[in-house]
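When reading the values below, keep in mind they use all heavy atoms of this one structure, side chains included, and skip hydrogens, waters and symmetry mates.
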Amino acid sequence: MTFDTIIKGGTVVTASDRFCADIGICAGQIVVLADALADAPEIIDATGLLVMPGGIDSHVHLDQPGAPGIVMADNFESGTRSAAIGGNTTVLPFCLQQKGQSLRQAIAGYQAKAQGNCHTDIALHLIITDPTPHVLGQELPALIAEGYTSIKIFMTYDDMKLADKDILAVLDVARRHQALVMVHAEGYDAIRYLTDRLEHEGKTAPFFHGASRPIPVEREATHRAISFAEIVGTEAMIVHVSNRQAMEEIRRAQQRGLGIHGETCPQYLLLTEADMDRSGMEGAKYVCSPPPRDSDSQSACWEGLQQGVFEVFSSDHCPYRYEDEGGKNAPDGKRSFRYVPNGIPGIATRMPILFSEGVGKCRIDLNRFVALTSTNHAKRYGLYPRKGTIAVGSDADLVLWDPEREVVITHALLQDGCDYTPYEGLLVQGWPVRTMLRGRTVMKDGEIGSERYGLELHRPTPSENTQGCKRLA
Ligand code: DUC
Ligand code: ZN
Ligand code: ZN
């Protein structure tokens, strides 16, 4: 048998196994895993390297419209470029429906931005902000049937929040048509109240972002979202969980047998509220929502990863330039944390951080690392087994990983469109040295190829999905 490419001498790691094998690739797919393959025009020496499924980051914002005057720092080209630098081969960005827009218009807009510009494969989640009867009754069911099977909703933000009755209505569409609702769980009214109070007291620095959305704000909304999913009788994913109380709400729901899933992100393992407490507007570099918390919250997020409460570890890459962070969009140039865009970059640093802090410090093993960064994303969002594993018939989406390489993270390494990284100066051990998308090298030693091979993936519709992709084994 001949191959296009052979990867020789590496240690293959999946979510369940670890073994030495060569990998034979033909027409973009893995066709053989065996000892001592030979005979291919391209032979890649992976001696001393781990060969893992390419990272899948299921929580990413690219080219998303925001407040007037604020432009997201990454488009599909720069965002997927940085993703490939960090060992990812698939990302799932959000397609935001703006008020008054149809879902089809929103999708067409994102597809136009993505087409021909991606270094990784992509699949879009929908964000519903305007749940009109037409959207819920016609468009959404039709789009779910076409494979847009994941939908994010917000419980906060002036222009995005859904009323409780609308949250219930979206969950009900998801129940009837077998989609998954992803919930941003922070309560709007409590945040409004606290923000007004803090501003009245003159507490406007970025640091007070944390005080405007404390842990009970997230816990209450998490509890409400879980209760709504239970009342409707459907599953839900609570995204970007930041603290123990919210994690415990999810764990309790899981212990009661509910289909409630959880996600956490690097910022909740490494950053704390103290990072927002810097001079001038410097703290704005760490402003995201939910905010970074405290050391007990970090421990709880690690526990959630270790115990399986969180099945996915995503970046929530939501990049804004620091030069735009300082309240550029504030009325009358008023400076307040209220006007700092909520989000930080992290698409390239997600895997190295979890590898170094998790595997390197014996908090998780290698198989769990692969599950949390790739396999579970593919399973939950309908891409498995095409993506998320190393098996005969799967796409040859691979990351070759040097477990010994020490790297000091600096923004220049990451090749995103931002002007900083919150992890500047962090020493990590373990780094991706080659990223391969459907058998083609898209990143080698920090260099990105000039071709953009990334495609929008068709996700199986609920009726096509015979692999049990939505339910994790
Ligand atoms: N929610 C996200 O998912 N990302 C960044 C900001 C936010 O509120
Ligand atoms: Zn969110
Ligand atoms: Zn997000």
Side-chain angles (χ1 to χ4, degrees), residues 4-14 23 25 28-30 42-58 60 62 74 76-93 114 117-123 313-315 317 345-356 366 369-370 372-375 377-378 383 386-390 394-405 407 409 412-416 428 430-455 457:
D4 300 330
T5 305
I6 292 171
I7 301 173
K8 278 196 82 63
T11 301
V12 175
V13 186
T14 68
I23 301 177
I25 298 169
Q29 290 191 336
I30 297 168
E42 182 183 42
I43 297 192
I44 296 171
D45 181 7
T47 308
L49 302 178
L50 304 176
V51 183
M52 300 186 284
I56 301 176
D57 191 343
S58 60
V60 167
L62 301 176
D74 276 314
F76 280 80
E77 194 285 319
S78 62
T80 57
R81 165 183 291 267
S82 188
I85 291 284
N88 299 282
T89 49
T90 298
V91 302
L92 285 89
N117 287 321
C118 293
H119 298 274
T120 67
D121 283 348
I122 63 160
F313 183 72
S314 308
S315 67
H317 180 75
I347 202 164
T349 44
R350 173 186 74 121
M351 292 178 76
I353 284 174
L354 190 66
F355 189 90
S356 187
L366 261 178
F369 172 78
V370 172
L372 287 167
T373 56
S374 182
T375 313
H377 301 254
L383 296 169
R386 177 176 176 191
K387 306 289 190 185
T389 192
I390 297 180
S394 295
D395 281 0
D397 288 2
L398 303 166
V399 58
L400 275 54
W401 194 275
D402 183 346
E404 306 298 331
R405 172 113 25 129
V407 172
I409 292 176
L413 289 176
L414 309 179
Q415 300 193 30
D416 60 18
V428 290
W431 195 256
V433 294
R434 187 190 287 255
T435 306
M436 299 179 69
L437 176 65
R438 284 178 271 108
R440 290 157 156 155
T441 294
V442 294
M443 184 282 287
K444 181 168 181 294
D445 296 328
E447 298 283 323
I448 294 284
S450 53
E451 300 284 341
R452 297 164 190 178
Y453 296 115
L455 299 173
L457 299 169

Could you report the tightest heavy-atom contact between [X] and [Y], atom names first, then the distance?
| X | Y | value |
| --- | --- | --- |
| Thr89 | Met436 | CG2-O, 3.3 Å |
| Gly10 | Val51 | CA-CG2, 4.0 Å |
| Ser314 | Ser58 | OG-OG, 3.4 Å |
| Arg350 | Phe313 | NH1-O, 2.7 Å |
| Pro432 | Pro352 | CD-CG, 4.2 Å |
| Gly54 | Ser374 | O-OG, 2.9 Å |

Within the structure provided, determine whether [X] and [Y] are in side-chain contact (heavy-atom separation under 4.5 Å).
| X | Y | value |
| --- | --- | --- |
| His377 | Thr90 | no |
| Arg434 | Leu49 | no |
| Thr120 | Val442 | no |
| Val433 | Lys444 | no |
| Ser78 | Asp416 | no |
| His119 | Ile85 | no |

If we ignore hydrogens and angles and just use 3.5 Å, is the side chain of [X] paired with the main-chain N or O of [Y] as donor and acceptor?
| X | Y | value |
| --- | --- | --- |
| Thr435 | Val399 | no |
| Glu404 | Gly48 | no |
| Thr373 | Phe369 | yes |

- Message: Quick check on side chain to side chain contact (heavy atoms under 4.5 Å, CB included): which of Val91, Asn117, Asn88 does Thr80 satisfy it with?
- Response: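 Answer to the side chain to side chain contact (heavy atoms under 4.5 Å, CB included) test with Thr80 among Val91, Asn117, Asn88: Val91.
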- Please identify each residue that fulfils side-chain contact (heavy atoms from CB on, under 4.5 Å) with Leu50, with sequence neighbours left out.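 Applying side-chain contact (heavy atoms from CB on, under 4.5 Å) to Leu50 gives Thr11, Val13, Met52, Phe355, Leu366, Trp401, Pro403.
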Gap between atom [atom2] of [Y] and atom [atom1] of [X] - 0.5 Å precision:
| X | Y | atom1 | atom2 | result |
| --- | --- | --- | --- | --- |
| Thr389 | Asp395 | OG1 | CG | 11.5 Å |
| Ile25 | Ile44 | CD1 | CD1 | 6.5 Å |
| Thr441 | Leu400 | OG1 | CG | 8.0 Å |

- Say whether Asp57 and His317, considering side chains only, have a donor N or O and an acceptor N or O under 3.5 Å apart.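 Their side chains do not contain a donor-acceptor pair, so the 3.5 Å distance test is not met.
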- Query: Please walk me through it: do Thr375 and Thr14 pass side-chain contact (heavy atoms from CB on, under 4.5 Å)?
  - Reply: CA-CA 8 Å; Thr375 313; Thr14 68; 5.9 Å; no
- Pairs where residues 78-89 contributes a residue and the test salt bridge (Lys or Arg N to Asp or Glu O under 4.0 Å) is met, not counting sequence neighbours: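 Output for this query lists Glu77-Arg81.
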- Task: Verify side-chain contact (heavy atoms from CB on, under 4.5 Å) between Arg438 and Asp397, making sure each step is shown before the conclusion.
- Result: CA-CA 5 Å; Arg438 284 178 271 108; Asp397 288 2; 3.7 Å; yes
- Query: Is Glu42 atom CD crowded by more than 12 heavy atoms from other residues, nucleotides or ligands, each under 6.0 Å away?
  - Reply: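 Buried by this count: over 12 neighbours within 6.0 Å.
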